[in-house]
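Each ligand, and each atom within it, is numbered from 1 in the order the structure gives. In this text the structure is predicted, and so the values were computed from the model without any measurement.
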Amino acid sequence: MEAHAALDLALNALRTRAERPVWQPVPDAVKAQFTTAPSAAGRPAAELLQQLAATVLSYDTGNTHARFYGWVHGSGTAAGLIPALLEAALNANMGGREHAAVYLERQVLAWWAELFGFPPQAGGLTVSGTSLATVLALKAALTAQFGTALRDEGVAGFAGRLCAYTSVEAHSCVARALDLLGLGRRALRLIAVDDQFRLDPQALAAQIAADRAAGDLPFCIIGTVGTVNHGAIDPLPALAAIARREQLWLHIDGAFGALAALSPTLRPLLAGLEQADSLAFDVHKWLHVTYDAGFVLVRDAELLRRAFSDRPDYLAGAERGLAAGNPWFTEYGPELSRGFRALKVWYQIEHFGLERLAASIEENCRLAAYLAARIDVEAQLERLTPLSLNIVCFRHRADDVHADLNALLVTELQERGLAAPSATRIGGRQAIRVNLTNHRTREADLDALVDDVLQLAAELLAGAG
Ligand SMILES: *Cc1c(COP(=O)(O)O)cnc(C)c1O
């Protein structure tokens, strides 16, 4: 009864989302509802649903709305409600053991390995997202390079000499991973990019040589497929060649960009990805799976297992019975108990099919080109990024007279509930950043965005003058 009411509420929230502002500030009265003491006696479900409808469901981020373009957010699907329900009913613990769900997660991992051109011995783990996947991949890289003794002795013996390489455009999760692994953020060398914002392989080779000459210990190169600011794709074949020559691990951050591999037309852009030692990517972004879900994929799964496997007596496997199902997923990462994230990924892929998911990615790239063309013909706007995949950054040129104009435009668009781009800086300038990983966005939404930017700017400039 109550579950049916919840389902109706959920469906209705999605169905009517377009009628509400993209975003609106959370009123103090709503915030105050989450400062009360926990219920001692419990409360009826109907009351809880009512409260949630009036609070979290009403004052959301807006990423299920067609005009949400901020950061890199997935937009979800109504179909995502179905695996969410089943996941709760099943309450599977995916750390290991012998049950059917394990075979489903292994199937999903095998699908990804095949899609990215990894060999049959590839494997990995469904995780919360690229941030965690990066930590696991770099742990595998360290163990592969310096042996499992590192697991007992830690990195202290390396006295700050370990180092890794990525471009200045790389996501901050790479530096965070090095921090978490005890190497420190300074172990990450940030390499310059070319005029298309791609890592410069010559600068990389020079930096590796300089570090080796100074007695440092390079262990990993991290390339990006789809940088946050520009959607740029690093020159993967060149990175793979350097990694091979220098005997370094090649990790790829493909958070959203790796999913372009689903599209036959975009796939050639990712050539070289199949040579990586590991890959981190998300499905809660461009695959529209409900938050949160991503993957770490390692070319030789055994190297990931070696970095984590640890089976005390009380977790020993067995040939038969419930303790079979070896190897257990817990051997491939830091968590013992893990949820069944793989179910919603499996459901999304099987329900929509790879062709439809790829078509939606291609449509986002087409819309990015459409928006770029719209910006290019507007005399008052300037596009700040070359066209690559799905991200367009631009500015209103009147920031020459009103320095904060573009940041202000982003805030005003958000606060008026018109659209939700995010703000960034490109070449030191404030920029309006539009990321298209939203399957609900249409040309008309982007037309409205351009119109709104021009009109708001006129209004703000009139006010300022
Ligand atoms: C989003 C993103 C990340 C971080 O992924 P999470 O899933 O948010 O942890 C890393 N790299 C890039 C390029 C991203 O876009």
Is a side-chain N or O of Glu378 found less than 3.5 angstrom from the main chain of Val450, in a donor-acceptor match? no

Under 3.5 Å, is there a donor-acceptor pair between the Glu362 and Thr265 side chains? yes

How far is atom 15 (O) of ligand 1 from the closest protein heavy atom, and which atom is that? Lys285 NZ, 3.0 Å

Per-atom contacts of ligand 1 with His171, taking only distances under 4.0 Å to non-hydrogen atoms: 2 (C), 3 (C), 4 (C), 10 (C), 11 (N), 12 (C), 14 (C)

Within 4.0 Å of some non-hydrogen atom of His284, the atoms of ligand 1 are 7 (O)

Contact between ligand 1 and Cys173 is defined here as a heavy atom of the residue under 4.0 Å from a ligand atom; is it met? yes

What residue and heavy atom of the protein are closest to atom 9 (O) of ligand 1, and at what distance? Ser131 OG, 2.6 Å

Do the side-chain N and O atoms of Asp282 and Tyr291 include a donor-acceptor pair separated by under 3.5 angstrom? no

Do Asp60 and Arg17 sit within salt-bridge range, that is, some charged N less than 4.0 Å from a carboxylate O? yes

Does the ring pair (Phe, Tyr, Trp, His ring centres under 6.0 Å) test come out yes or no for Phe308 and Tyr332, once each step is laid out? CA-CA 6 Å; Phe308 288 100; Tyr332 295 86; 9.0 Å; no

protein heavy-atom neighbour closest to atom 11 (N) of ligand 1 works out as Asp253 OD2, 2.6 Å

Evaluate whether atom CZ of Arg185 has more than 12 neighbouring non-hydrogen atoms of other residues, nucleotides or ligands under 6.0 angstrom away. no

Distance filter under 4.0 Å to Ala255 heavy atoms, resulting ligand 1 atoms: 2 (C), 3 (C), 10 (C), 11 (N), 12 (C), 13 (C), 14 (C), 15 (O)

For ligand 1, which is the ligand I care about here, please tell me if Thr130 has any N or O atom under 3.5 Å from one of the ligand's N or O atoms. yes

Ignoring angles and geometry beyond distance, decide whether Thr224 reaches within less than 3.5 Å of ligand 1 through its nitrogen or oxygen atoms. no

protein heavy-atom neighbour closest to atom 13 (C) of ligand 1 works out as Gly226 O, 3.5 Å

The atoms of ligand 1 lying under 4.0 Å from a heavy atom of Val228, numbered in the order shown, are 15 (O)

Can you list the ligand 1 atoms lying under 4.0 Å from a non-hydrogen atom of Phe256? 15 (O)

Hey, what's the ring geometry for Phe116 with Trp112, parallel, tilted or perpendicular (30° and 60° as the breaks)? parallel

So, are Arg338 and Glu105 salt-bridged, with charged N and O less than 4.0 Å apart? yes

